[in-house]
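Sequential numbering from 1 along the given sequence is applied to the chain's residues. Remember, it's 1-based here, ligands and their atoms both numbered in the order they're listed.
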Amino acid sequence: MRRTAHIRRPGGLRIPTALAVAVMSAALCGCGGAGGEPYTGELFAMDTFMRLSAYGQAAEDAVRAASDEIARLDAMWSVTDADSEIYALNSFGSAAVSPETLEIIAYAASVSGETGGALDITVYPAVRAWGFTTDEYRVPGEGELREIAPLVNYRAVKTDGNTTALAPGAAVDFGALAKGYASQRAAEIFREHGVESGIVSLGGNVQTVGRKPDGSPWNVAIQDPEDSGRYAGTLKTQDAAVVTSGVYQRYFESGGKLYHHIIDPSTLRPADSGLLSATVVAENGALADALSTALFVLGRESAETYWRNSGRDFDMILITETGEVVITEGIADAYTHENTDRTLAVLAVP
Ligand code: ADP
Ligand code: MG
């Protein structure tokens, strides 16, 4: 197995993936008894800590296989690892890529098309200009952003057979949906192994398989975006992904202003849509992740319009700057409103 890739840890320390996998193995605990304790694995990949737990006889094999798959996707899609497919694509402007890469590009493009480009994998040169790739944060100048603007266009990503090509100077990054794609793969691998109960948390992207071993639903906490010591609410779920994009996940301060890492492709600045966070609940993890980013950029009104008209099957929890928590009807019974300093509104299907 190829384990030469490098990944970035918080604080910019770079460690070889082989070491990350060794750390993961050491963290695996051999306790996969049916109905008893879960078998749990931890790894650092896609720039975040990940935790995978499964119950039952196949738990250990399932967790190991899913962890290997996530490490493989990470090595393929890292924007900083010189061995990755995306590094080659961004460096040379064109590269032969694997089927999963073609799939995620096509998937992202479909969500981009539906959301008026609120999700756009070609926004990467702007993400880089703000320093979110290296953690060397800075506020880029007007002129710099103006030069980047023509490069941001998901429609300019072309595929011919297994070769993908970008416009000259353009670059892509799957950061907005890679973790969701990975959690979706992990859930599929759990099911292929016969796991009926499991949960993966990829840096806040949660995806559940089945119910808890005792038959009750999983309970997923929704972070309060303005108080890290508090939950906005909790959500009972089964066989679903729960993914949040928020202002609090990665940001820096400059001149008394906070700048977060979700960039509005139409301004190339941190999205300022009136939302503090957008959580999407969907069966498919990749959809939940792609939409969490897109709806955060769109803001409350446009997110509601999309929810009503897209034909996509999902629910959402939007937390606004004005103190509201807006949830959709499909999860109204499953949601417990914890932070009562915020008002709760439920969007009903007409
Ligand atoms: P997180 O990665 O914290 O879970 P997101 O899923 O919202 O949050 O993804 C944010 C990441 O996606 C950013 O760090 C950046 O790499 C990339 N990104 C930022 N804005 C956009 C956007 N509008 N479209 C596509 N990718 C984006
Ligand atoms: Mg996302």
Testing the 3.5 Å rule here: is there a donor-acceptor pair between the side chains of Q223 and S277? no

Does the residue R250 have a heavy-atom contact with ligand 1, meaning some pair of atoms that are separated by less than 4.0 Å? no

Can you confirm, on distance only, whether ligand 1 has an N/O atom lying under 3.5 Å from any N/O atom belonging to I263? yes

Check whether any N or O atom of T293, backbone or side chain, sits under 3.5 Å from an N or O atom of ligand 1, and answer yes or no. yes

Any donor and acceptor pair, going by atom type alone, linking the side chain of K179 with main-chain N or O of A176 inside 3.5 Å? no

Near S245, which atoms of ligand 1 are under 4.0 Å from a heavy atom of that residue? 5 (P), 6 (O), 7 (O)

Please list, chain by chain and in numerical order, all residues satisfying salt bridge (Lys or Arg N to Asp or Glu O under 4.0 Å) with D272, sequence neighbours excluded. none

Under 3.5 Å, N or O to N or O, is S292 touching ligand 1 that way? no

Point-to-point distance, once rounded to the nearest 0.5 Å, from CG of D315 to OG1 of T328: 3.5 Å

Do the side-chain N and O atoms of T101 and W77 include a donor-acceptor pair separated by under 3.5 angstrom? yes

Using a strict cut-off of 4.0 Å, indicate which atoms of ligand 1 neighbour a heavy atom of I262. 7 (O), 19 (C), 20 (N)

Looking at ligand 1, does any of its N/O atoms fall within less than 3.5 Å of an N/O of A176? yes

Number of protein N/O/S atoms less than 2.8 Å from the Mg ion (ligand 2)? 4

Numbering as shown, the atoms of ligand 1 that approach P265 to under 4.0 Å (heavy-atom distance): 23 (N)

For A118 and ligand 1, answer yes if some heavy atom of the residue is under 4.0 Å from a ligand atom, otherwise no. yes

